[in-house]
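Along the sequence shown, residues carry numbers from 1.
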Amino acid sequence: MSRMLLVVAVVTSCVFAAEEYKPGPDSERHPGVPQGTVTQHSWTSRIFPGTTRDYWVYVPAQYDGSQPACLMIFQDGGGYVQDNGSWRTPIVFDNLIAQKAMPVTVAIFINPGVLKANSPDQQDRFNRSYEYDAVNDRYARFLIEEIIPEVSKQLNLSKNPNDRAISGASSGGSAAFTAAWFRPDAFRRVLSFIGSFTDLRGAGMYPTLIRKTEPKPIRVFLQDGSADLNIYAGSWYLANQSMASALEYSGYESKFVVGTEGHNGKHGGAIFPDALRWLWQDYPKPVSKPAASPVDRHFLNTILDSSADWELVGQGYKFTEGPAVDREGNIFFTDVGDKPSKIYRAGTDGKVTMFKADAGGADGLMFGPDGRLYACQNGRRRIVAFSMDGSEEVIAEDVSSNDLAVSSKGEIYFSNPQDHKLWFIDRARKRRAVYEGESIVFPNGVRLSPDESLLYVADTAARSIWSFQVQADGSLANGEPFFHLELPDDVDQGMLRSGADGMTIDREGFVYVATKLGIQICDPPGRVQGTISYPQQGDASNLVFGGPDMQTLYLTDRDKVYRRKLRRKGYPPWQPFKPPKPAL
């Protein structure tokens, strides 16, 4: 499929001549074209508590229920459902479906929610910005969990994301992109008109996220006008240009059409039929994930092998954690959610076997230079070492621990999140705190740098991975919140949280950390250069390089374990080395 982009240079002193945009023949009624039906409904939401809204359902005349119909959702639905005005969507759908320019498609036109006031002399609460401008999956979940199931009670709607499109204008346009961005398993086709990709509630971050994140299987059409808004939240025209540039950079199938209008639907309505034709072109050929950037410049092209995706290693667990690699490249991981907790071995041959049927609540794992598997045995408040015959030695007792790092000398660092502490166990098995304080809100994953000169500590409840310099006696000095992570747009217990958990490091010194947004990859100077998407929705906990060539990334992801072949290699943590000097 071709990837099309219209780029318009912007010079602040330029004066653009306004063009006149009028609806074309596809936006007018024609004799003999079958007309669909529109019905109106109302809904009270659970995800947006107490809010009510109207929505309309368009069913094309060609729909007979024998086959699942495609689905398209429109934000600010009251404006789209009318037969007059800018969009005239039922008329356009009737014409294009009759022309077979788009498949038989049911449309849901839905308004933003309103929380009605308790009395007439009080103001309602209007949810539009909260629902549309947010950069999270909340609105997508509202559609997926509430509205689509409700409409599906009466209509046979496809569950295939390739058969689903979503559209809107202004904040409704950015909401359409957000729904597909967070839930490409539900929506693959996006139309955005005069989209609000500005900092009303954080959508201005999208151009950066698109450039840094593993490309998703989404087709995106953007429209904007040179006279669009330029206000406190930003310039809509510049923001849409940045979106178009980022999509092109990352290899997306995208199109950007520029006009001379302002923040209205005149231009968008005039090109609406052609935008729909482009959106559904080549259907039912699936919208696929971009294989590579057109100019091979996307950072993740140096990490990801386009021919290798996530593969399932094992499933049916309660909560997987603590992956660790042995000398042969086999992976050991815990099912800390099971009772009793268990440790499994995932061999390089792909087979998963039981290693320890009762692991004592083991969480973080790591192999040491002696070939034993060290574990944070939380259920018994101990640090232990398992020999390969399953026997265990107690290294430390009466400790609270979460994750650990074992040096090439057999020294151990472990995190104690509840007490905001980091502990050190020397070779004589003497234990002492090497960090205590509340600068690190929730110290979680810990890893030594490849040359063991630095200790990295993930702060789950903030946005940083800390870096400490390791001293000759094992103490820590010169700590800084060094690695600057991307944050999700949600609030947990009053604070924005990266959700940073387990970490692993490749041979170039790049740090891979499991976060709420995906696997964020930080370069040695501390910057996020890319994010790998998880294989299933939600948060993953931990990751490690493994396999016989140390070129396979293993991921513990709640009830499952996955692996993925990469271009980069990891290294055995008991064989330290000095990584190359990074680009600064």
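Salt-bridge check for D403 with R447: passed, with a basic side-chain N closer than 4.0 Å to an acidic carboxylate O. Between E392 and R382 there is a salt bridge, since at least one side-chain N of the basic residue sits less than 4.0 Å from a carboxylate O of the acidic one. With respect to E214 and K289, a salt bridge is recorded, a charged nitrogen being found less than 4.0 Å from a carboxylate O. With respect to the salt-bridge test (charged N to carboxylate O, under 4.0 angstrom), the residues K212 and E486 qualify. With salt bridges taken as basic N to acidic carboxylate O contacts below 4.0 Å, none links D133 and R201. Ion pairing between a basic and an acidic side chain is recognised when a charged N comes within 4.0 Å of a carboxylate O; D398 and R381 show such pairing. Between D419 and K421 there is no salt bridge, since no side-chain nitrogen of the basic residue lies less than 4.0 Å from a carboxylate oxygen of the acidic one. For the pair R141 and D137, the salt-bridge criterion is met [side-chain N within less than 4.0 Å of a carboxylate O]. Between R558 and D539, none of the side-chain N atoms (NZ, or NE/NH1/NH2) sits under 4.0 Å from a carboxylate O, so this pair counts as no salt bridge. With respect to the salt-bridge test (charged N to carboxylate O, under 4.0 angstrom), the residues R164 and D185 do not qualify. In this structure, D489 does not pair ionically with R138, as no charged nitrogen and carboxylate oxygen lie closer than 4.0 Å.
Atom CZ of R568 sits about 8.0 Å away from atom CD1 of I521, to the nearest 0.5 Å. How far CG of N416 is from CH2 of W423: 7.0 Å, rounded to the nearest 0.5 Å. Distance check: I210 CD1 to M205 CE gives 12.0 Å after rounding to the nearest 0.5 Å. Distance CG/D335 to CZ/F319: 9.5 Å, rounded to 0.5 Å. Within the model, atoms CG of L404 and SG of C376 stand 4.5 Å from one another, a figure rounded to the nearest 0.5 Å. Considering CZ of R429 and CD of E397, their distance stands at 13.0 Å, rounded to 0.5 Å.
With respect to F355, the ring pair (Phe, Tyr, Trp, His ring centres under 6.0 Å) criterion is satisfied by exactly one of Y344, F333, F332: F332. Between E321 and the options T556, N542, N402, a side-chain hydrogen bond (donor to acceptor under 3.5 Å, both in side chains) holds for only N542. K565 pairs with exactly one of D549, D305, D309 by the salt bridge (Lys or Arg N to Asp or Glu O under 4.0 Å) rule, that one being D549. With F483 as reference, Y456 is the one residue of Y456, W466, F510, Y512 to meet the ring pair (Phe, Tyr, Trp, His ring centres under 6.0 Å) rule.
The aromatic rings of F197 and Y206 stand perpendicular to each other, their planes meeting at an angle above 60°, with 30° marking the opposite boundary.
The heavy-atom pair separating G361 from S341 by the smallest distance is N-OG, 2.6 Å. Closest heavy-atom contact between L455 and L448: CD1-CD2, 3.8 Å. Of all heavy-atom pairs between A346 and V352, the closest is CB-CG2, 4.2 Å. Closest approach of A362 to V336, counting heavy atoms only: O-CG2, 3.5 Å. Minimum heavy-atom separation, E411 to F424: CB-CE1, 3.7 Å.
A distance-only check finds a donor-acceptor pair linking the side chain of N162 to the backbone of V287 [under 3.5 Å].
Environment of CD in Q575: crowded, with over 12 heavy atoms of neighbouring residues, nucleotides or ligands closer than 6.0 Å.
Cation-pi geometry between R372 and F386 is not met: the NZ or CZ atom fails to fall both under 6.0 Å from the ring centre and inside 45° of the normal.
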Residue pair D501, K516: steps toward the salt bridge (Lys or Arg N to Asp or Glu O under 4.0 Å) verdict = CA-CA 9 Å; D501 197 340; K516 282 182 172 290; over 6 Å; no

